[in-house]
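Structure record follows, encoded as structure tokens.
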Amino acid sequence: MLILDCPWCGTRDQSEFHCHGEAHIARPTDTEKMDDKAWGEYVFFRTNPKGIHYERWTHDHGCKRWFNAVRNTATDEFLAFYKPGEKAPAVGSDQ
Amino acid sequence: MSRYSIVSLLRNSLSYHQNWQRAWRSPEPKKRYKIIIVGGGGHGLATAYYLAKECGITDVAVIEKGWLGGGNTGRNTTIVRSNYLWDESAAIYDHAMDLWKGLSQELNYNVMYSPRGVLHLAHSVSDMQEIWRRGNAIHHNNIASEFLDPEQVKGMVPFMQMEGRYPVMGALLQKAGGTARHDAVAWGYARAASALGVDIIQETEVTGFDIKNGEVQGVRTSRGDIACERVGVVAAGHSSVVAEMAGLRLPLESFPLQALVSEPIKPVVDTVIMSNGVHAYISQSDKGELVIGASSDAYNSYSQRGSFDIIEDTLQAICELYPQFSRMRMLRQWGGIVDVTVDRSPIISKTDVKNLFFNCGWGTGGFKCTPGSGHVFAHSLAKGEMHPIAAPFSIDRFHSGALVDEGAASAVAH
């Protein structure tokens, strides 16, 4: 069982949360110029790293708010939690 | 390679089974091969076998970082079926079904394919609508299946609790579905491929690719560089990691998928029972263990472990549907890493790097298609053009939008 540190509510079991995949994928701004290839990349393609992963979570059975986390996908160890809009912290091999 | 038969069994029994020949060779890697397969799981070994057997290409190496079938091939719940919704899926999964039927004879290795039937339970009106829609669709693709009413389900599985938290309103039954021995599939393909001249190289990790002018020239491994004309990557949960070595991104996310087995008991479940609504599926191995599958954990991970709440959810459903199992002890629990696409269909495709092919994205249900996947991928690698059955599973569908949406048929949580 993973244990998460919701930046709004504090430490809770993972069963209260839902993961929404890779974070910091910015919606493209020049959409009228984008071709199918670029749209496909934006919608479906993911980094899926073995190692440091920046990801989005919601606290479904708590405050229901969104936040971001950094986790090592090889070990499942959480390295940081931060609120939306905050700058992604540099951790582990990113330092 | 000596053939397995009653005669060889008797002969070896005279020497107390001390002199059985090793099932496959473990040669030193050569400097160059025509085709290299990255990944020695079921799909990779099947690809190598059909390359040698049907395409006449025996200058093939299978490079595996661990041991054969040590990944998802040895971690799945051994279920075989082909009751998928769309024509493209029906074509490939039923192609595999045709191959399963004669596989033990073809490989001279007992893969223990057991067509004991696969039941998909429906617990609600929407579940019923889903199985009606899928059942009628697959009927058009000549995949035999039957709709069962609750009484017929009860007749097949007398100990099922029909009225409870998960009332059973009906089921879809594919009689040709069932189970096969997962390890035997890997070992059988490995043995047959090795006998035809394929080099199986274990404990050797691919660490990169040699790519020149957008064309693959060979692979870098922990035992040195190996040149080749063409590469087929069949790396399951680690496909994104291997793709990154070639500078490619894939439309995949890797999740843990858990399963567990109970202590062995006398035969009690003589079919495979699945349930989309409650994500708990169960069958019984020939050793007597109940084999129980869960839904995937909904976060990216390569840790080969999942969360306990998934096991708890799964087992509460098992205890609710089959109260007589409530006091059984579970012996082992494990996780595999499944590479999941957004449409729950695989990727069998060329890539932007010439002569570098990928066969991945089988997600939570690749085992059942091991023979079909290997067969069409082998023909694609041999020709350099995708086999017609593999063509709809091109990576291009994530740009064109022509997805093969099997969200309902893949029978796991999404």
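Both backbone and side-chain heavy atoms feed into the values below; hydrogens, waters and symmetry mates do not. Each chain gets a letter, A, B and so on, in the order the sequences are listed, and its residues count up from 1.
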Next on the checklist: Can you tell me if B:Trp67 has over 12 outside heavy atoms packed within less than 6.0 Å of its CH2?
Outcome noted: no
Checklist entry - Given the options B:Val342, B:Asp396, B:Ile395, B:Leu250, which has more heavy-atom pairs under 4.5 Å with chain A than any of the others? => result B:Leu250
Item to check | Which portion of A:His18 sits near chain B, non-hydrogen atoms under 4.5 angstrom | outcome: side chain
Next on the checklist: In the structure I gave you, are the side-chain heavy atoms of B:Asn300 and A:Glu22 within less than 4.5 Å of one another anywhere?
Outcome noted: no
Next on the checklist: Surrounding CD of B:Gln316 (heavy atoms of other residues, nucleotides or ligands, distance under 6.0 Å), is the total greater than 12?
Outcome noted: yes
Checklist entry - Considering residues, nucleotides and ligands other than B:Glu244, do more than 12 of their heavy atoms fall under 6.0 Å from its CD? => result no
Checklist entry - Roughly how far apart are A:Glu55 CD and B:Glu253 CD, rounded to 0.5 Å? => result 9.5 Å
Checklist entry - What part of A:Thr75 lies closer than 4.5 angstrom to a heavy atom of chain B: side chain, backbone, both or neither? => result backbone
Checklist outcome for this item: Interface check, chain B: of A:Pro49, A:Ala38, A:Gly21, most non-hydrogen pairs under 4.5 Å belong to A:Pro49
Item to check | Side-chain donor/acceptor of A:Asp36 to backbone N/O of B:Ser400, under 3.5 Å | outcome: no
Checklist entry - Take atom CG in A:Asp5; do more than 12 heavy atoms of anything else shown fall under 6.0 Å from it? => result yes
Checklist entry - Where on B:Leu248 is there a heavy atom nearer than 4.5 Å to chain A: the side chain, the backbone, both, or neither? => result neither
Next on the checklist: So which atom in A:Cys19 and which in B:Ala298 form the shortest heavy-atom distance, rounded to 0.1 Å?
Outcome noted: CB-O, 3.2 Å
Item to check | Heavy-atom pair count under 4.5 Å with chain A, highest-scoring of B:Ser254, B:Gly306, B:Gly401, B:Ser239 | outcome: B:Ser254
Checklist entry - Once you round to the nearest 0.5 Å, how far does CZ of A:Arg71 lie from OG of B:Ser303? => result 8.0 Å
Next on the checklist: Which atoms of B:Arg305 are under 4.5 Å from chain A, going by heavy atoms: the side chain, the backbone, both sets, or neither?
Outcome noted: both
Next on the checklist: Tell me if the CD atom of B:Glu385 is crowded by more than 12 foreign heavy atoms within 6.0 Å.
Outcome noted: no
Checklist entry - When rounded to the nearest 0.5 angstrom, what distance separates CE in A:Met1 from CD1 in B:Ile311? => result 11.0 Å
Checklist entry - Is there a donor-acceptor contact under 3.5 Å linking the side chains of A:Asp76 and B:Ser301? => result yes
Next on the checklist: Can you see whether A:Asn48 engages B:Ser240 through a side-chain donor-acceptor pair at a distance of less than 3.5 angstrom?
Outcome noted: yes
Checklist entry - Is any side-chain heavy atom of A:Phe45 closer than 4.5 Å to a side-chain heavy atom of B:His399? => result yes
Item to check | side chain to side chain contact (heavy atoms under 4.5 Å, CB included) between A:Thr47 and B:Arg249, intermediate numbers included | outcome: CA-CA 7 Å; A:Thr47 313; B:Arg249 262 159 72 92; 3.0 Å; yes
Next on the checklist: With rounding to the nearest 0.5 angstrom, report the CG to CG distance, B:Asp297 to A:Leu2.
Outcome noted: 8.0 Å
